[in-house]
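This report concerns only the one structure given below.
For ligands, and for the atoms within them, numbers begin at 1 and follow the listed sequence.
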Amino acid sequence: MTICVIGGGAAGLMAAGTAAENGAKVLLFEKNEKVGRKIFITGKGRCNVCNDCDTQTVLQNVPVNPRFLYSALGCFSPQEVKDFFESRGVPLKTERGNRVFPVSDKSSDIIDALFTWVKHVGVKIVQETVTDIRTQEGQASAVCAGGREYGCDRVIVATGGASYAATGSTGDGYRFAKALGHTIIPPNPSLVPLVAAGDTCSELMGLSLRNVRVTVFENDKKLYSDLGEMLFTHFGVSGPLILSASAHMRHFGSKAYRIEIDLKPGLDEKTLDKRLLTDFEKYKNSDFINALGELLPRKLIPVAIACAKIDPRQKVHSVTKEQRLGLVQLLKAFPLVITGARPLNEAIITTGGVSVKDVNPKTMESKKVQGLYFAGEVLDVDAYTGGFNLQIAWSTGRLAGLSAAQE
Ligand SMILES: Cc1cc2nc3c(=O)[nH]c(=O)nc-3n(C[C@H](O)[C@H](O)[C@H](O)COP(=O)(O)OP(=O)(O)OC[C@H]3O[C@@H](n4cnc5c(N)ncnc54)[C@H](O)[C@@H]3O)c2cc1C
C-alpha cells in the first residue's frame, strides 16, 4: 500500500504518521523547505494545540457541519491529542478557557515531535509542490510533482485553506478537488479583523482595550457577546475578542452587522452614572474634555465626547442630566457599523472548502473518487478559537491516515 499525502501541516503530518504506523509506505509532499510552517505561528508562536474538553464541547464550537466530525473526534479526541504529544515528550498545560499549550510555550516543540515521529515510522518527505492528482478508472492513482508522476494506491489531500498564504496554504486542494468533480463551498475569511464604517476607528488607531465586552448584532438580532481584548486599527477593529466575534458574522453582503463595545463591563449603568457624578463634582469648574481622564484612556476621550455630541469646552457644571445619561449609554454600548471582513490572507482560518457532502465522514474518503481522502482545513469545516481548529486537523488527519492504510 503506497499513500501520497499532500501537505505537511497539522493534518498532513498526522495523516502521514498514522498511515505509516499502520503499515503503509508513505510519501509526504510539502512545498516548503520545512513542514509545519503554519503550526509555527499558531497561538502567537505558543501553539494552542487543542482544547481540554469533551467531544460534545468541541462540536459546539464548530458552527458549520459539526456532525461531519463525529467519527473523526471519536477516532481522536482532545484527550487522545494530549496523550499523543505528552507521550512524545511534549508536556502540556491548560490555560484560561481550557486552552492547551506546550509547557515550554514553543510551537516548535509540537512541530519537532511530529517531525521526529513521522521520520521514526518511516514517512518519506518529498519537498515538492504537487500540481495534479491522477486517477485511473475512478480511482486515485498518482500525484504529479516536480515534473514527475508518483504512482500510488491512495492520496490524502491535506493542503489546508487559503489564509496566510505565505505559510504555503494557497488553496491548491480546492483546485485538485474541483477538477475531480467535488463541490467547493466558496472560501471566505473567518477569525479575521473587521472593517468598520466612518472615521472613528482610524481616529482611535493604536488604542488597545482590555477587559471590554463586545456584542455582535446581525440585522439587530443579538448574536454573540464576550469579554476580552481588542484593538482599533486604521481600517476598523482587531484583537482576540474581535477575531472570535468575526466567526459569527457569516453573511456580509446579505445581512447588516454592527457591534457594541461595553467600555465599562464591570459597572452597570447606575453605578457608572454615580461614578461620572463623582468625577463631575471633582472637575466641576473644568472644561468637559478635562473631566474624563480618570475613567477613559486619553485617546478615547475626544472621540467619546464627539460621539456623545457634547461641546468639549462646555463647563462640567453645566452638563445636563440628559447629556450625562447619553454619555453613560455611549460608554456601555459604543456602536460601530461593521461593513466587512479583512481579506482571506489576514484570516486565521478559511471557511468553506471541499463540501462535506462529497466526503464519507466515517473514513474521510471522497464519495467521488475511490482512494482519495481529505483532511484538515481544506474541508468545509471550521471552528471558533480555543484550539478547536487544530483539533479538527488532528482528528480528520488521524482518521484519514487510518482509513487510507487499511487494505
Ligand atoms: C496566525 C494563526 C494562528 C493560529 N493559531 C491557532 C491556534 O493556536 N490553535 C488552533 O487550533 N488553530 C490555530 N490556527 C488555525 C490552524 O493553524 C489551522 O486550522 C491548521 O493549521 C490547519 O491545518 P492543515 O494541516 O489543514 O493546513 P495547513 O497547516 O495550512 O497545512 C497545509 C500544508 O500543505 C502544504 N501545501 C499546500 N499546497 C501544497 C501543494 N500543492 N504541494 C505540496 N504542499 C502543499 C502547505 O505548504 C502547508 O504546509 C491559526 C492559524 C493562523 C493563521
Inset, instruction - Could you name the protein residues that come within less than 4.0 Å of ligand 1, counting only heavy atoms, and order them by chain and residue number? - result: I6, G7, G8, G9, A10, A11, F29, E30, K31, N32, K38, I41, T42, G43, N48, E128, T129, V130, A158, T159, G160, Y164, T167, G168, S169, D172, F176, I348, I349, G376, E377, G387, F388, N389, L390, A393
Legend entry - Short N-O contact, D112 and K106, less than 4.0 angstrom: no
Legend entry - Listed partners of Y224 passing ring pair (Phe, Tyr, Trp, His ring centres under 6.0 Å), at least two apart: H248
Legend entry - Among K31, K38, R37, E377, the one residue meeting side chain to side chain donor-acceptor pair (under 3.5 Å) with S169: K38
Inset, instruction - Kindly check if the number of other-residue, nucleotide or ligand heavy atoms within 6.0 Å of CD (E322) is above 12? - result: no
Inset, instruction - Report the residues that fulfil side chain to side chain donor-acceptor pair (under 3.5 Å) with N188, sequence neighbours left out, ordered by chain and then residue number. - result: none
Inset, instruction - Using side chain to side chain donor-acceptor pair (under 3.5 Å) as the criterion, list what pairs up with T339, not counting sequence neighbours. - result: none
